[in-house]
Colleague: 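I have a structure here, written as structure tokens, and I will follow up with some questions on it.
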Amino acid sequence: GCFECCIKCLGGIPYASLIATILLYAGVALFCGCGHEALSGTVNILQTYFEMTRSAGDVIDAFTLIDIFKYVIYGVAAAFFVYGILLMVEGFFTTGAIKDLYGDFKITTCGRCVSAWFIMLTYIFMLAWLGVTAFTSLPVYMYFNLWTICRNATVVDGANLCLDLRQYGIVTIGEEKKVCTSSESFIKMCDSNELNMTFHLFIVALAGAGAAVIAMVSH
């Protein structure tokens, strides 16, 4: 009857793929949303406290790279939205209950081809996403250093600590864009909520990238 039909339908749900897809969507959403806002906060910090301005013309500077990263985030969000749907479809077509419903031979042949293709695609995406996760750890490291300098400046009286953007490759060697603990702009930056918020947004984005990697591995 109806009860047996519901039980049979529930048995055909690929719960492992469903959980992996939910984790994938959550991780990518955290990475894209928090990463986008963290990049916007970085632009404001560079302009307000490091007195950096956009270069005129077609010169590629830090602001141009940040804009490129934002567009990459848009593309990643769209690509993984489609990829998550395809993962669910692949999970349904390779579930044992679906084989019982539609015939073992036909679904087994189709399922094997689909599974092999998705395993290869997931493996490629996972390697690429490992690179994205490693790259996301760089701004976390940079903001951690900045946060540490702010904390040490309040603990050690008379300390003159400086943060030079040239050591992170944000500006060229010929430019000198740095702030020191003795400057008023540095004190304002450490006291602002913008620095703390941007730092934690990058941390959440890194956690989201890691969750996406776990989702692809578990799938």
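The first residue of the sequence shown is numbered 1, and numbering continues consecutively from there.
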Colleague: Could you tell me whether the side chain of Trp147 and the main chain of Asn196 form a donor-acceptor pair under 3.5 Å?
Modeller: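 No.
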
Colleague: Linking I/L/V/M/F/W/Y whenever their side-chain heavy atoms sit closer than 4.5 Å, directly or via other members, would Ile66 and Leu138 fall into one cluster?
Modeller: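 Ile66 clusters together with Leu138.
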
Colleague: Taking the side chain as C-beta and beyond, is there a heavy-atom pair between Phe186 and Met189 under 4.5 Å?
Modeller: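 When only atoms from C-beta onward are counted, Met189 and Phe186 do touch, with a gap below 4.5 Å.
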
Colleague: Kindly work out whether a path of hydrophobic side-chain contacts (I/L/V/M/F/W/Y, heavy atoms less than 4.5 Å apart) joins Tyr71 to Ile68.
Modeller: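 Per the 4.5 Å side-chain linkage, Tyr71 and Ile68 are not co-clustered.
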
Colleague: Is there a donor in the side chain of Ser40 and an acceptor in the side chain of Lys70, or the other way round, less than 3.5 Å apart?
Modeller: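 There is such a pair (donor and acceptor under 3.5 Å, judged by atom type) between the side chains of Ser40 and Lys70.
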
Colleague: Does one hydrophobic cluster hold both Leu46 and Phe69, with members joined at side-chain heavy-atom distances below 4.5 Å?
Modeller: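 Both belong to a single hydrophobic cluster.
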
Colleague: Hey, what's the ring geometry for Phe199 with Phe144, parallel, tilted or perpendicular (30° and 60° as the breaks)?
Modeller: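 Correct class here is tilted.
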
Colleague: What are the two closest heavy atoms between Gly35 and Ala205, and how far apart are they?
Modeller: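 Of all heavy-atom pairs spanning Gly35 and Ala205, the closest is N-CB, 3.9 Å.
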
Colleague: How about Phe202 and Met142: do any of their side-chain heavy atoms sit closer than 4.5 Å?
Modeller: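 With C-beta onward as the side chain, the pair stays apart.
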
Colleague: According to a 4.5 Å side-chain heavy-atom criterion applied to Ile, Leu, Val, Met, Phe, Trp and Tyr, with indirect links allowed, do Leu30 and Leu130 form part of one hydrophobic cluster?
Modeller: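 Not linked; separate clusters.
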
Colleague: Stepwise, does the side-chain contact (heavy atoms from CB on, under 4.5 Å) test hold for Tyr83 with Val76?
Modeller: CA-CA 10 Å; Tyr83 178 65; Val76 167; over 6 Å; no

Colleague: Starting at CD1 of Ile203, measure out to SG of Cys34 and round the result to the nearest 0.5 Å.
Modeller: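 Reported to 0.5 Å precision, the distance equals 11.0 Å.
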
Colleague: To check you understand the geometry: which heavy-atom pair defines the closest contact between Val28 and Ala212, and what is its length?
Modeller: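 Smallest interatomic distance, heavy atoms only, reads CG2-CB, 4.2 Å.
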
Colleague: If you measure from CE on Met216 to CD1 on Ile124, what distance do you get to the nearest 0.5 Å?
Modeller: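 Nearest 0.5 Å value for the CE-CD1 distance: 12.0 Å.
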
Colleague: Is Met197 linked to Leu195 within one hydrophobic cluster, defined over Ile, Leu, Val, Met, Phe, Trp and Tyr using a side-chain heavy-atom separation of less than 4.5 Å?
Modeller: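 No, because Met197 and Leu195 fall into different hydrophobic clusters, even though each may have its own neighbours under 4.5 Å.
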
Colleague: Within this structure, what is the OG1-CD distance for the pair Thr42 and Glu194, rounded to the nearest 0.5 Å?
Modeller: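 So the OG1 of Thr42 and the CD of Glu194 are separated by 9.0 Å.
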
Colleague: Do Tyr143 and Ile45 make a side-chain contact, defined as non-hydrogen atoms from C-beta onward lying under 4.5 Å apart?
Modeller: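 They are in contact (side-chain heavy atoms under 4.5 Å apart), so the answer is yes.
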
Colleague: Go through the steps to decide whether Trp129 and Met126 satisfy the test side-chain contact (heavy atoms from CB on, under 4.5 Å), and finish with yes or no.
Modeller: CA-CA 5 Å; Trp129 202 251; Met126 186 185 68; 5.7 Å; no

Colleague: Can you give me the closest heavy-atom contact between Gly41 and Thr198, atom names plus distance?
Modeller: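 Smallest interatomic distance, heavy atoms only, reads CA-OG1, 3.7 Å.
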
Colleague: Check whether any side-chain heavy atom of Tyr25 sits under 4.5 Å from a side-chain heavy atom of Ile85, and report yes or no.
Modeller: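 Result yes, sub-4.5 Å side-chain heavy-atom pair found.
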
Colleague: Considering only heavy atoms from C-beta outward, does the side chain of Leu39 approach that of Val43 to under 4.5 Å?
Modeller: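 No, side chains not in contact.
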
Colleague: Are Phe31 and Phe80 close enough that their ring centres sit under 6.0 Å apart?
Modeller: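 No; Phe80 has its ring centre 6.0 Å or more from that of Phe31.
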
Colleague: Going by distance alone, is a donor N or O of one side chain under 3.5 Å from an acceptor N or O of the other, for His36 and Tyr74?
Modeller: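 Result is yes, a qualifying pair exists.
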
Colleague: Return the minimal non-hydrogen interatomic distance between Leu24 and Gly84, and the atom names on each side.
Modeller: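 That would be CD2-CA, 4.3 Å.
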
